[in-house]
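Report on the following structure.
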Amino acid sequence: MSNPATPPRSLAEALRARDDISLAVLLRARPDLITPVPTDLTQLATRAGTRASVLRALERLDRFALQSAEALAVAGDPASYQELLGLMAGDGGDPAVAGELPRAVAVLRDQALVWGDDDRLRLVRTAREVLAPSPQHPSPTGLGPTVREATSGMSPGRVQEIVAAAGLPSTHDPVSAVDALTGLFGHRRKMAKLLAAAPAESREVLSRLVWGPPYGQITPEPAAHLRWLLDRGLLLPTAPGTVVLPREVALHLREGRAHQEPEPVPPAVEPTAVHRPQVVDATAAGQAYTTLATVEELLKDWDEGGPAVLRAGGLSVRDLKRTAVALDVPEPIAAFWVELAYAAGLLASDGEADERFAATPAYDEWLNRPPAERWAQLAEAWLTATRTSGLVGGRDAKDRALSALGPGLDRSAAPEVRHRVLTLLAALPEGTAPAADSVLARLRWERPLRGPQQRDDDLRGRLARWTLSEAELLGVTGRGALSAHGRALLGAPAASGSKAASPARSAGPGDKLPVHHHHPAPGLPALAPLSPPEQALATATAGRLLAPLLPEPLDHVLLQADLTAVAPGPLRRPLADALGVLADVESKGGATVYRFTPASVRRALDAGRTASDLHAFLTEHSRTPVPQPLAYLIDDVARRHGHLRVGAASAYVRCDDDSVLNEIMADKRASGLRLRRLAPTVLATQADPAALLEGLRAMGYAPAAESAEGDVLITRAHAHRTPPRTAPEPVPDGPPPPDATLLTAAIRAIRAGDLAATTPRKSTGSTAVKGGELPRTTPAETLATMQAAVLTGDTVWIGYVNAEGTATQRVIAPVRVEGGFVTAYDHTADEVRTYPLHRVTGVAELAED
């Protein structure tokens, strides 16, 4: 065990010096490090230095912490805190940088990207390799290689020529010559004097290279002003025709700054408008009601079986267009509603041979719940889903079209971005709508883009824009500001003056470790994504807040003389369903207008209703008298309904009034049906009954289908449902953050394993114990040492091979030895265990401290 006063010599030693709370912060920030749990701290340090893990950690740094890591990559190894501060703040200093740099360094330390004391800060080797400048991967700082790196392949004579041209005395070897040149370039006063003698054109060349990229092209015969720079080492050749500005020269020209624009403070989220909170909540509630109506309309339209599933999965472009027309929305919005219903588990493929999309059994359960609860279920599904409807219509990596409900729409960053955008809105005063560009700027500061490829495909920026528009569509926000029920959905504290309390976060068993990061970025609300139980509680709270704002369903309509009915608000479900059969929706909005037509009345009669049923229904549910034109329409259609009968012959028409059949035969429009008379009251055709019914109805008749027994067939809408389906599981962005129980258990196991791996041991018997090897003793020596440890209460180190043949090392305190077994307190597992002695490879006493 290392002395706490001794500076750590490796990352493993630095981790070994941490307390449990500090290790918990590391493992929560980088959950990939405990998947699976490391055996000891050395393995944890090794895993923390792997390229994949380091890249993931770098991608999750805020801009200033990343800039600090980039500065350490171009500093000495190790570097002091003062050297890092000089690179970040420059020669003139910067109070904002000086104030925020301790937080940035603490973040890098917490995440094991930097280790060591303030006088010996070390960036982990993999991070330095990723962030350090190279010709293939330029540094974000715009700095080039050091003088030593740039002159590594240069001849000693040429180095001496540069030293002499720079006004320095010649040296006896190239190493001291490079050191002298480095010292000159790093000396502010001497460098100023050297550059003061440079031609103006030479200084212009340096100014173009100073902020990067530091590489330039020259001809075999460079101009005089370039030759002046080359002679004095202010430009150094790296390849034929290519020169580079040495890092020390660039830092002098930059006045010591590694970055042109350090960003220690995140950009503020700027407001664009402020509304009264009541207006925001009412607007959001209105849109929430529209959400419910739209999803119901979508699935009602697919009630008898929706569009076919493409062979590659998903919805065809034609079917998406048809759905958009039915919902009276643009196609991207239609894709959003379809994906929302799918994410909530209300819509799926039926799995039949002729595969189609249809509502799931969960949709019927959803319909029977109160409106606020139905909205809350949709909102939670949207907040946590990784499927992203904004990608519909785009192309995947293989240039295949991305379709709604199809594969390839999952983006693991989507839930985090949605949560973060809404959290930024929650941090604003009530009723404040932010500027979208300022939200994007803030997100880019919190997760800066690295590399040109990521800059070209700013997925997080697009996700943020989609989040703002989708939250407004869904009713989470109103007029661009977060609503009270939207705030509750996040688990955010209720705004001042609000009666609703945010859901309390329950602590799990063994909750001993902190949940939040020790060093959040300045100005960031400490609001982490909720666990599933916490999210369920937050969703229920959001539903309770929304319920009073939703309009109460009505049990009446207003009938008008122009064969329309006006529903001044949402209708109760039985009334809405019955009216949807009897009339066609003409317009939607705050008030829905239904129109009665001969076809709609016939539809109700086909469903088994009689004229007297329809009159009674309208009288019961209308606040106005039934208009005479509507009563006449119902009676007229009912009088003719069923007068003609269509059956299967392939098909036939029969009617007791042969004059009606004569009229049909004489009508030119019937020529396509190819009717022929079998009897004075019967016509036959080769067309099927459905086509015959449709043809006669198009001619203005009201035929009724009949069964083989001659009874009228009553046609009712058949609700097609899929087999039970579960909602699609979100695709996680790496391992999920561990909860407190897992953290406590993992840290205990790592500590115990580290104790077993690092505790000094004494050799037993004639065999010496080498580091990293299991102890080897004879059975007699093993038994004797165990029995002695029981009497003395000592702790020993054993090698053990389990039933699967896996060898491990353990630190145990034997309690009892009998019957070929040893019962001991296992420090590695932190529990009492019993081990067969024949599986113990050997035993060694622990060395005394």
Side-chain angles (χ1 to χ4, degrees), residues 1-35 37-62 64-88 100-132 139 141 258 513-514 517-521 738 743 746-747 750-751 753-755 757-758:
M1 192 73 69
S2 62
N3 187 343
T6 304
R9 294 168 297 176
S10 65
L11 177 58
E13 287 190 8
L15 294 178
R16 201 163 283 127
R18 291 191 179 196
D19 58 19
D20 287 356
I21 292 178
S22 180
L23 280 179
V25 170
L26 167 63
L27 298 180
R28 187 174 290 279
R30 299 175 65 178
D32 57 297
L33 298 183
I34 55 169
T35 309
V37 177
T39 57
D40 53 38
L41 288 170
T42 300
Q43 189 179 86
L44 176 62
T46 302
R47 195 175 296 175
T50 59
R51 185 176 181 85
S53 182
V54 168
L55 287 175
R56 178 180 291 273
L58 290 175
E59 288 170 358
R60 293 179 175 272
L61 293 177
D62 63 71
F64 189 62
L66 182 59
Q67 285 182 330
S68 301
E70 292 165 352
L72 278 173
V74 297
D77 187 23
S80 67
Y81 179 86
Q82 290 303 319
E83 182 181 352
L84 175 61
L85 177 60
L87 287 170
M88 295 300 295
E100 292 299 330
L101 189 58
R103 179 200 64 82
V105 173
V107 168
L108 296 175
R109 273 203 183 106
D110 284 348
Q111 299 197 24
L113 295 171
V114 168
W115 57 277
D117 299 331
D118 280 355
D119 57 342
R120 295 180 63 82
L121 293 175
R122 290 184 182 273
L123 196 64
V124 295
R125 185 176 63 233
T126 308
R128 179 174 288 273
E129 292 172 356
V130 170
L131 299 177
S139 168
T141 61
L513 299 172
H517 200 282
H518 277 187
H519 308 279
L743 275 179
I747 291 174
I750 293 171
R751 292 283 193 202
D754 202 57
L755 175 65
T758 60

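Any value given below was found using the heavy atoms of this structure, including those in side chains, with hydrogens, waters and symmetry copies removed.
For the pair R751 and D20, the salt-bridge criterion is met [side-chain N within less than 4.0 Å of a carboxylate O]. Ion pair R103/E100 flagged as a salt bridge, since at least one NZ, NE, NH1 or NH2 atom sits closer than 4.0 Å to an Asp/Glu carboxylate oxygen. We find that D118 and R109 are joined by a salt bridge, their nearest charged nitrogen and carboxylate oxygen being less than 4.0 Å apart.
To the nearest 0.5 angstrom, L121 atom CG is 10.5 Å from Q82 atom CD. A distance of 5.0 Å separates CG in D77 from CZ in R122, rounded to the nearest 0.5 Å. How far CG of L41 is from CZ of R47: 12.0 Å, rounded to the nearest 0.5 Å. In this structure, the separation between OG on S22 and CG on L27 is 9.5 Å, given to the nearest 0.5 Å. Atom CE of M88 and atom OG of S68 lie 4.0 Å apart (nearest 0.5 Å). To the nearest 0.5 angstrom, W115 atom CH2 is 10.0 Å from R9 atom CZ.
Using a 4.5 Å heavy-atom threshold, the side chains of L72 and V114 count as touching. Annotation: side chain of I750 is not in contact with side chain of L23 (no heavy-atom distance under 4.5 Å). Put simply, the side chain of L15 reaches to within 4.5 Å of the side chain of L44, judged on heavy atoms.
Among all heavy-atom pairs drawn from L108 and A69, the shortest one is CD1-N, 3.9 Å. In plain terms, the two heavy atoms of A71 and A258 that are nearest each other are CB-CB, 4.2 Å. Shown here for G76 and E83, the closest heavy-atom pair between the two residues is N-OE2, 3.1 Å. Closest approach of A45 and L11 over heavy atoms only: O-CD2, 3.8 Å. Pairing each heavy atom of P31 with each of P738, the nearest pair is CB-CD, 3.8 Å. Between L87 and A75 the shortest heavy-atom distance is CD1-CB, 3.5 Å.
With 3.5 Å as the limit, one finds a donor-acceptor pair spanning the side chains of R16 and T42. Residues S53 and R30 have side chains that bring a donor and an acceptor to within less than 3.5 angstrom of each other.
The closest donor-acceptor contact from the side chain of D62 to the backbone of A65 lies under 3.5 Å. A donor-acceptor distance shorter than 3.5 angstrom exists from the side chain of Q43 to the backbone of T39, with no hydrogens or angles considered.
Checking L131, L61, T126, V107 one by one against L113, the side chain to side chain contact (heavy atoms under 4.5 Å, CB included) holds for a single residue, L61.
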Derivation of the side-chain contact (heavy atoms from CB on, under 4.5 Å) call for V54 and E129: CA-CA 11 Å; V54 168; E129 292 172 356; over 6 Å; no
